[in-house]
Amino acid sequence: MTASMATAWLAAMGLAVLGVIALRPPAAALGLVDKPGGRKVHARAVPLIGGVAVLLAFGLASLLLPIPLRAYGALYAGLAVLAVSGLIDDAIGLSARWRLLAQLVMAALVVVAGGPTLADIGHLPGVGLVQLGALAGPITVVAIVGFVNSLNMMDGADGLAGGAAVLILVGLSIAAWLAGNVMVPALALTLAAAVLGFLVFNLRAPWRRRASVFLGDGGSLALGFALIWLALETAALPGRVISPMGIAWLLALPVVETLNLIVRRLMRGQSPFHPDREHLHHILRRAGFSVGQTTALILGLMGLMAVVGLEASRRGVADGWLWLGLVIFGVMHFVFTDRGWRSLLALRRLRDWQGTMRRREGLRGVPLTPWRHRLALGGFYLLVATLPFALNTAPLGLAMVALAVVLPGARFARTLAREWWAWVMFALAAWALWRGIGVGGSVVTLWNGVALSGLAALPLGWWLASSPRHVLGGAGVLMVALIASVGLLGLDNGLGSEAARGLNGPARLMLLALPLPLCLGLLMRQIQRADRGWLQAGPLAVLALITAAALVAGVVTAPTPLPMTVAQVRVELQSLVQLTGITGAALLVALLAGLIRPLGWLWGVRGVPRYAVTSLAALMALVVASLLIGLPCQGVEGGLVFSLAMAVLCMAAIQARRWQRSNAERD
């Protein structure tokens, strides 16, 4: 990065901030404001000059870049045309058909004038490189117009369109930089800096409850045009590392959203331009999420898809698999949004998972103070997100949870004093430490003994018992981290290159197997709901089967072999007894028995789903199997993986005791 580029980026952000401040008074005088009413939920008139400020800042700051700008004349001309037409639309209003016609003419002129075109769509299995030939021009025109309107339709929540633009621009910069190109990153990051200056006024923050300026149609249309231009140019770079299908993952969410809206409207006999409130951000808002939470969720999904698409393409995953992934995502998005009211009910149930307030308080126990809860929450997700990569941050995450719940005031000790299996954990940990210190064991050996006893899992299990829905959230984050750690399904001896593995040995096998109980529970749940129709139950059931198959394939094909014969299992058991001693082995058996018993009680409780208890029972079977066929606690990461599994079992045991107490109070 040269000093002139850094100067241009800083100038773009500063000019955007100054532009918004300077243009707000004349915007109100000229009527360039978005007034509340109709489908609009903001409470007061908001200036529509954010896009103008961004474009002016980008145009001026790009003059400071050390690159020739003559080749981008058509880009700047298109931005100007769309900005002016959008301003006219914001001021007096234009019909959708006239706007679409103007956009088609503009896109066609840009292609004829030498703008970037989509010459191919990458390599497909059995076909090779798919060249578009004479169709390149028309398809490019459709792509430009389609994406321009996609970003415009996405501009329905504070910070959403601007945040999406920044994510896409950063992703395109990375793709172009990998191809050895400098001009695209320079322009993309300059535009991203200008958008960040606009987000200072548009993104909700603790010091601002609502956006004070909007992009406006001119801004969102022009910004969408800049994004698709840079995306097409990046896809056409001669030394590209990221294929067009990989870049498509960057743009997928707004495009899929628009296509699904058009399909749903046509299925209902409506015009494709008919306005409604069935966008993804509308569903999330009706589900009770705040505007800030809605923006964060959608941008998080876009960021995840960007990482998956770019990294998968960089690692050489075939374009056919990337195309299949986009099709699956499109179908899931369609089902989710088409069944909007069901999706809304499901999201509301997720937010208010456990019955009445009195019942919820009884099952949650005494809640943590806000700062303790945030510390535990951050630690838990830090643990599950970084554990597959064998990073030092995973132990830090577990330590953060322990710190949040062990400090005085959390009633952690009072809860565990009632559980005899917790006393067994303490005894087993003390025994393991005594034996380890007696033989001069290392710190890692002592840690493994504590992890094997389950004592390290107690703080996390206690916190999960108070916040059980984070078991599902943690499982989802763990699955994403596992996919990333194995090279994003770039297959090599089953799951990824050696460099992508991070975690190895028995700990990796157990980590791959941990989500299997959840897949089993999800499959049982969907089978129970099969009478509601395939669209309701089928997609998640198929997803559970595919995920389980991938995890089993990873376990079976991993370089660490599983001891499958009786003789091998006998050797592993002898190693376990030698490690723990007869006393330790007896305590371990008693501990497992103490954690199994609550599962049987939960099975008979009304209000506890059977599929959830089945998942817990499968997890217990997995823990027992890991002890029988190989020591799971090897190295620091092995102890963390085992502690993660034990924490969920401890959570179930604590919840069972709370259910018992709640039922006794009702009786």
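These numbers were taken from a predicted model, which means no experiment stands behind them.
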TODO: Would you check, one step at a time, whether the test side-chain contact (heavy atoms from CB on, under 4.5 Å) holds for Leu326 with Met305?
DONE: CA-CA 10 Å; Leu326 288 178; Met305 295 189 66; 4.3 Å; yes

- [ ] Begin from the C-alpha positions of Val148 and Leu227 and carry the test side-chain contact (heavy atoms from CB on, under 4.5 Å) through to its verdict.
- [x] CA-CA 8 Å; Val148 162; Leu227 294 179; over 6 Å; no

Open item on the list: Apply side-chain contact (heavy atoms from CB on, under 4.5 Å) to residues Phe201 and Ile21 and explain how you reach the verdict.
Closed with: CA-CA 9 Å; Phe201 303 91; Ile21 296 173; 3.8 Å; yes

Open item on the list: Show, in sequence, the C-alpha distance, side-chain angles and deciding distance for Met154 and Ile298, and conclude whether the side-chain contact (heavy atoms from CB on, under 4.5 Å) test is met.
Closed with: CA-CA 10 Å; Met154 196 177 189; Ile298 296 177; 3.8 Å; yes

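A donor-acceptor pair under 3.5 Å links the side-chain atoms of Arg372 to the main chain of Ala404, judged by distance alone. No side-chain donor-acceptor contact under 3.5 Å links Asp158 to the backbone of Asn202.
Between Ile228 and Leu251 the shortest side-chain heavy-atom distance falls below 4.5 Å. A 4.5 Å side-chain heavy-atom check between Trp321 and Leu324 finds at least one atom pair inside the cut-off. Side-chain contact between Pro254 and Phe147 is present, with at least one heavy-atom pair separated by less than 4.5 Å. Contact of the Leu189 side chain with the Leu169 side chain is not registered, since no non-hydrogen atoms from C-beta on lie closer than 4.5 Å. Side-chain contact between Leu396 and Leu383 is absent, with no heavy-atom pair separated by less than 4.5 Å. Residues Tyr381 and His470 meet the side-chain proximity criterion, which asks for heavy atoms closer than 4.5 Å. Using a 4.5 Å cut-off on side-chain heavy atoms (C-beta onward), Leu187 and Leu69 make contact. Within the 4.5 Å cutoff, side-chain heavy atoms of Tyr72 are placed close to those of Trp229.
Under 3.5 Å, the side chains of Ser62 and Tyr76 contain a donor-acceptor pair of N or O atoms.
A pairwise comparison of heavy atoms in Ala12 and Ala57 identifies O-CB, 3.4 Å as the closest pair. Gly59 and Leu63 get closest at one heavy-atom pair: O-CG, 3.5 Å. What you find for Gly224 and Leu151 is that their closest heavy atoms are N-CD2, 3.5 Å. Contact detail for Ser313 and Leu322: the closest heavy-atom pair is CB-CD1, 4.1 Å. Closest approach of Ser220 and Asn152 over heavy atoms only: OG-ND2, 2.6 Å. When all heavy atoms are compared, the tightest approach of Ile242 to Ala175 is CG1-CB, 3.8 Å.
Taking the six-membered ring where the residue is Trp, His333 and Phe329 present tilted rings, their angle falling between 30° and 60°.
Rounded to the nearest 0.5 angstrom, Leu60 CG and Thr190 OG1 are separated by 12.0 Å. How far CG of Leu82 is from CG of Leu223: 11.0 Å, rounded to the nearest 0.5 Å. One finds the CG atom of Leu382 at 4.5 Å from the OG1 atom of Thr386 (value rounded to the nearest 0.5 Å). Separating the OG1 atom in Thr234 from the CH2 atom in Trp177 is a distance of 14.5 Å, to the nearest 0.5 Å. The CD1 atom of Ile168 sits 9.0 Å away from atom CG of Leu253, with the distance rounded to the nearest 0.5 Å. One distance of note links CG of Leu172 with CG of Leu230; it measures 6.5 Å at 0.5 Å rounding.
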